[in-house]
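Note that the coordinates shown come from a computational prediction; the quantities given were computed from them, not determined experimentally. Just the heavy atoms: all of them, side chains too, but no hydrogens, waters or symmetry mates, feed the values below.
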Amino acid sequence: MKTSDAQQTGRPVTRTAAQVLEEIADGSVVLRRSARRRKTVAVTREGERWVLAVPQNFRPAQHADMIASLLTRAEARAARVPASDAQLLQRALSLNAQYFADGIEPASVTWVDNQNSRYASTTSSSRTIRVSSRIARVPDWVLDSVLVHELAHLRRPDHSREFHALTQRYPHTAKADVFLEGFSYGQRAGEG
C-alpha cells in the first residue's frame with residue numbers, strides 16, 4: 001500500500017513484508033546505502049516517498065518484516081496532524097471549564113510559529129493565548145498542561161505561589177514539566 005492510502009484514510013498503513021519489497025521495487029520506498037552506517041536503519045520522508053538510510057551490506061529481503069514495522073510506525077507518527085486553531089480553542093475552553101469554571105475565558109487560542117524559547121504565552125488584557133507550533137506533536141496530556149498554565153495566567157499574570165496553585169489543579173503538571181524539560185534539552189541538543 002502506498003503512503004497516500006494512509007493520508008486519505010487518516011489511519012497508518014500496516015505493511016506486510018511483501019508490500020515493502022514491492023514498494024522498494026517501484027521506488028515509493030528508497031534505500032540509501034552508507035558505508036559509514038554499520039547496524040542502524042533510519043527512515044525519513046521526502047515528498048511522497050520514504051527514504052531508508054541503511055548499511056552498505058543491508059539486504060531488504062532479509063529485513064522486510066523489520067522495514068514493514070519501521071514504516072508503519074513512521075506512518076503513524078506522520079498521520080498525527082496537529083489540531084487547528086479552532087480545535088485548540090475548544091480544547092482550552094474545555095480545560096478552562098473543568099479546572100477553573102469562574103467565568104473567565106480566553107478570547108482566542110492560536111498556534112504560532114514565532115515562539116522559539118517559550119511553549120506558549122498569554123496576554124491577560126486581551127485574553128489571548130498563543131501556543132508554539134514546536135509543541136504541536138507532544139502528547140495530549142503535555143499540551144493540556146501547557147494550556148492550563150496559560151489559562152492560569154488569565155487569572156494571575158505572574159508566577160507567584162497563587163499562580164502555581166492554579167496550575168496544580170491539572171493532575172499531570174509535574175509530569176508534563178519533566179517531559180518538557182527533556183523535550184527542550186532534545187531540541188537544544190539537535191540544534192547545536
Pair Thr110-Asp85, side-chain hydrogen bond (donor to acceptor under 3.5 Å, both in side chains): steps then yes or no = CA-CA 5 Å; Thr110 57; Asp85 287 348; 5.1 Å; no

message = With a 6.0 Å cut-off (strictly less than), is the heavy-atom count around CZ of Arg118, excluding the residue itself, greater than 12?
response = no

request  = Determine whether Tyr119 and Trp141 fall in the same hydrophobic cluster, where Ile, Leu, Val, Met, Phe, Trp and Tyr are linked whenever their side-chain heavy atoms lie under 4.5 Å apart.
outcome  = yes

request  = Give me the one residue out of Val20, Ile67, Asp65, Leu70 that meets side-chain contact (heavy atoms from CB on, under 4.5 Å) with Arg15.
outcome  = Val20

task = For residues Arg156 and Arg161, determine if any side-chain heavy atom of one lies less than 4.5 Å from a side-chain heavy atom of the other.
result = no

message = Can you tell me how far apart CG (Asp177) and NE2 (His149) are? Round to the nearest 0.5 Å.
response = 8.5 Å

inquiry  = Hydrophobic cluster membership, with links at side-chain heavy-atom distances under 4.5 Å among I/L/V/M/F/W/Y: are Val51 and Val43 in one?
reply    = no

ask   = Does some side-chain heavy atom of Leu147 sit less than 4.5 Å from a side-chain heavy atom of Leu88?
value = yes

task = In sequence, state the C-alpha distance, the side-chain angles, and the governing distance for Leu166 and Arg155, and then conclude on side-chain contact (heavy atoms from CB on, under 4.5 Å).
result = CA-CA 9 Å; Leu166 292 172; Arg155 289 140 183 95; 3.8 Å; yes

key: Note, Phe100 side chain near Arg169 side chain (heavy atom, < 4.5 Å)   = yes

inquiry  = To the nearest 0.5 Å, what is the distance between CH2 on Trp111 and CD1 on Ile135?
reply    = 5.5 Å

request  = Report the relative orientation of the aromatic rings in Tyr99 and Tyr170; use parallel for angles under 30°, tilted for 30 to 60°, perpendicular for over 60°.
outcome  = perpendicular

query = Do Leu71 and Leu31 belong together in a cluster built from hydrophobic side chains that touch within less than 4.5 Å?
reply = yes

task = Decide if atom CD of Gln56 counts as having more than 12 heavy atoms of other residues, nucleotides or ligands within a radius under 6.0 Å.
result = yes

message = To check you understand the geometry: which heavy-atom pair defines the closest contact between Pro106 and Ile129, and what is its length?
response = CB-CD1, 4.1 Å

Atom pair CG (Asp140) and CZ (Arg91), whose distance is rounded to the nearest 0.5 Å = 4.0 Å

query = Hey, does the side chain of Ser133 reach the backbone of Val112 with a donor-acceptor pair shorter than 3.5 angstrom?
reply = yes

Over all atoms of both residues, closest heavy-atom pair of Pro157 and Ser124 = CB-OG, 3.8 Å

message = Determine whether a donor-acceptor pair (N or O, by modelled atom type, separation under 3.5 Å) exists between the side chain of Asn96 and the backbone of Ile104.
response = yes

remark   = Closest heavy-atom pair, Arg49 versus Gly27, reported as atoms and distance to 0.1 Å, is CD-O, 3.8 Å

ask   = Pick one: which of Asn114, Thr123, Thr122 meets side chain to side chain donor-acceptor pair (under 3.5 Å) with Arg130?
value = Thr123

note = One should read off an interatomic distance between Ser94 OG and Leu89 CG, to the nearest 0.5 angstrom, of 11.0 Å

inquiry  = For a quick test of reading the model, state the closest non-hydrogen atom pair linking Thr14 to Thr72 and the distance between them.
reply    = CA-OG1, 3.7 Å

remark   = Closest non-hydrogen contact found for Phe183 with Val138 is CE1-CG1, 4.0 Å

inquiry  = Nearest 0.5 Å, please: how far is CD in Gln168 from OG1 in Thr173?
reply    = 5.0 Å

inquiry  = Can you classify the ring geometry of Phe163 versus His153 as parallel (below 30°), tilted (30 to 60°) or perpendicular (above 60°)?
reply    = parallel

key: For the student: nearest non-hydrogen atoms of Asn57 and Arg33, plus distance   = C-NH1, 4.2 Å

ask   = Would you call Arg37 and Pro55 a side-chain contact if the rule is heavy atoms closer than 4.5 Å?
value = yes

query = Less than 4.5 Å apart, any side-chain heavy atom of Leu143 and any of Val131?
reply = yes

inquiry  = I need the Ser184 OG to Arg134 CZ distance, nearest 0.5 Å.
reply    = 6.0 Å

